[in-house]
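Here the structure is laid out as structure tokens; the discussion comes afterwards.
Values below: all heavy atoms of this structure, side chains included; hydrogens, waters and symmetry mates excluded. Whatever order the structure lists ligands and atoms in, that order sets their numbers, starting from 1. It should be emphasised that the depicted structure is a prediction, and the values quoted were computed from it without experimental measurement.
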Amino acid sequence: MNHLLSIGDLDRAGIERIITQAARFAEVSDREIKKVPALRGRMVLNLFYEASTRTRSSFELAAKRLSADVVNFAASGSSVEKGESLKDTVLTLSAHKPDAIVLRTPWAGAAELVSRWCSAAIVNAGDGQHEHPTQALLDVYTLQQRLGGLDGASIWIVGDVTHSRVARSNIIAFQEMGAKVTVAGPPTLIPRRIEELGCEVRFTLDELDGADVVYALRMQRERMTETWVPSLREYASWYQINGRRLGPRQVLMHPGPVNRGVELSGDVVDSPQAVITAQVEAGVVVRMAVLYELLAGAKEPDPVARRQTAPQPA
Ligand code: ASP
């Protein structure tokens, strides 16, 4: 794999390979010294044109735990504010010879374009409403840890599917791993022909109790140019996941950031069924596995093996 632009770049075996590697890296996170030299001397450039808390911090930590050098670039405060284009910014920063560029932009297809402009491995960390493949991978990892596997699991993705890059990547990844996916929300927030991806569609939560996993999406207000629901209160009354709607055996997921009181009630966010913090933790090890696969992969020796110390003379 040269780039990770879309979750479709990986088949089931590819997803499983990354998940398995991530599980091995999880062991590194429990060590006193949380670093391995796997990417020593490599450079990772984080190029973020959109706000991010979890994704940016976890990519930075992932690169550092692999001993890579990291440069963080945020569009605000840079020459982008003076009108520099994405292409010129990428060409300028490519002069530093990054081995990988982690890119988040509000533009669908930007990661694919950038992959043609430079020789670095490109990781799509979110391109507009299009895709967020590492979110899908960390969600598969989280569920694998929690359920032991996704084969036959029923996963409901609830809320603003239209504006969600997470929904698109996750529908594909969950199904690739053997789950049955249903998307649910108000008709205005479910894209037409979404069922062509293989999922089912519901406009009410009447059958939600059949789900093993409830995956709530954030209302993406920054991407809404018009009114998509009568009001957030009205939305919450029909689609909010709350203590009344969530069954005791259902796993609750959300990619963050959560709008408490809108798509989730505060009590379910804090309930033991919520794995939202586990998703954030998984973000680091899964992104380590992605960077490792792209920059070292099978070429390198075992990345987590502890260095053998020579036997001491008696
Ligand atoms: N953090 C995720 C994203 O960047 C989900 C969200 O923002 O709602 O797409």
Side-chain angles (χ1 to χ4, degrees), residues 4-8 46-62 72-76 101-112 122-143 155-174 181 183-186 189-191 194 213-225 228-229 232 235-236 239-241 252-264 268-269 274-284 286-287 290:
L4 179 58
L5 305 175
S6 156
I7 194 67
N46 287 327
L47 192 50
F48 277 67
Y49 280 73
E50 265 191 352
S52 173
T53 300
R54 283 148 284 268
T55 305
R56 192 167 59 178
S57 59
S58 61
F59 265 113
E60 180 175 353
L61 203 51
N72 290 312
F73 172 95
S76 66
I101 300 179
V102 177
L103 181 72
R104 167 169 291 188
T105 72
W107 311 297
E112 219 267 309
I122 307 301
V123 184
N124 182 2
D127 59 336
Q129 296 172 204
H130 181 223
E131 281 234 31
H132 196 351
T134 58
Q135 177 74 46
L137 290 170
L138 72 88
D139 288 332
V140 168
Y141 177 91
T142 306
L143 283 177
I155 304 180
W156 276 53
I157 299 180
V158 179
D160 180 1
V161 178
T162 294
H163 300 100
S164 174
R165 53 194 174 207
V166 173
R168 244 164 293 278
S169 293
N170 283 23
I171 291 168
I172 297 167
F174 289 159
V181 177
V183 297
L189 294 178
I190 303 289
I194 187 89
V213 177
V214 179
Y215 195 111
L217 298 170
R218 182 174 65 88
M219 288 291 272
Q220 309 258 315
R221 281 176 277 180
E222 75 278 23
R223 300 194 203 286
M224 297 184 185
T225 47
W228 293 75
V229 288
L232 287 180
Y235 173 84
Y239 298 102
Q240 183 187 81
I241 307 301
L252 175 65
M253 304 182 86
H254 189 293
V258 173
N259 288 311
R260 280 184 188 240
V262 181
E263 65 266 4
L264 295 180
V268 297
V269 176
V275 294
I276 300 170
T277 315
Q279 290 172 265
V280 178
E281 261 181 64
V284 177
V286 165
R287 288 169 176 136
V290 167

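Using a heavy-atom distance under 4.0 Å as the criterion, the protein contacts of ligand 1 are R104, H132, R165, V166, R218, Q220, P255, G256, P257.
No side-chain heavy atom of V183 sits under 4.5 Å from any side-chain heavy atom of W156.
For Y239, the ring-ring contact (aromatic ring centres under 6.0 Å, His included) test picks out Y235, with sequence neighbours left out. Residues passing the ring-ring contact (aromatic ring centres under 6.0 Å, His included) test with Y49, sequence neighbours excluded: W107.
Under the salt bridge (charged side-chain N to carboxylate O under 4.0 Å, His left out) criterion, the residue pairs touching residues 48-60 are E50-R165, E50-R223, E60-K64, with sequence neighbours excluded.
Remark: the Q279 side chain and the T142 side chain contain no N/O donor-acceptor pair separated by less than 3.5 Å. In this model, no donor atom of one side chain and acceptor atom of the other lie less than 3.5 Å apart for H132 and R168.
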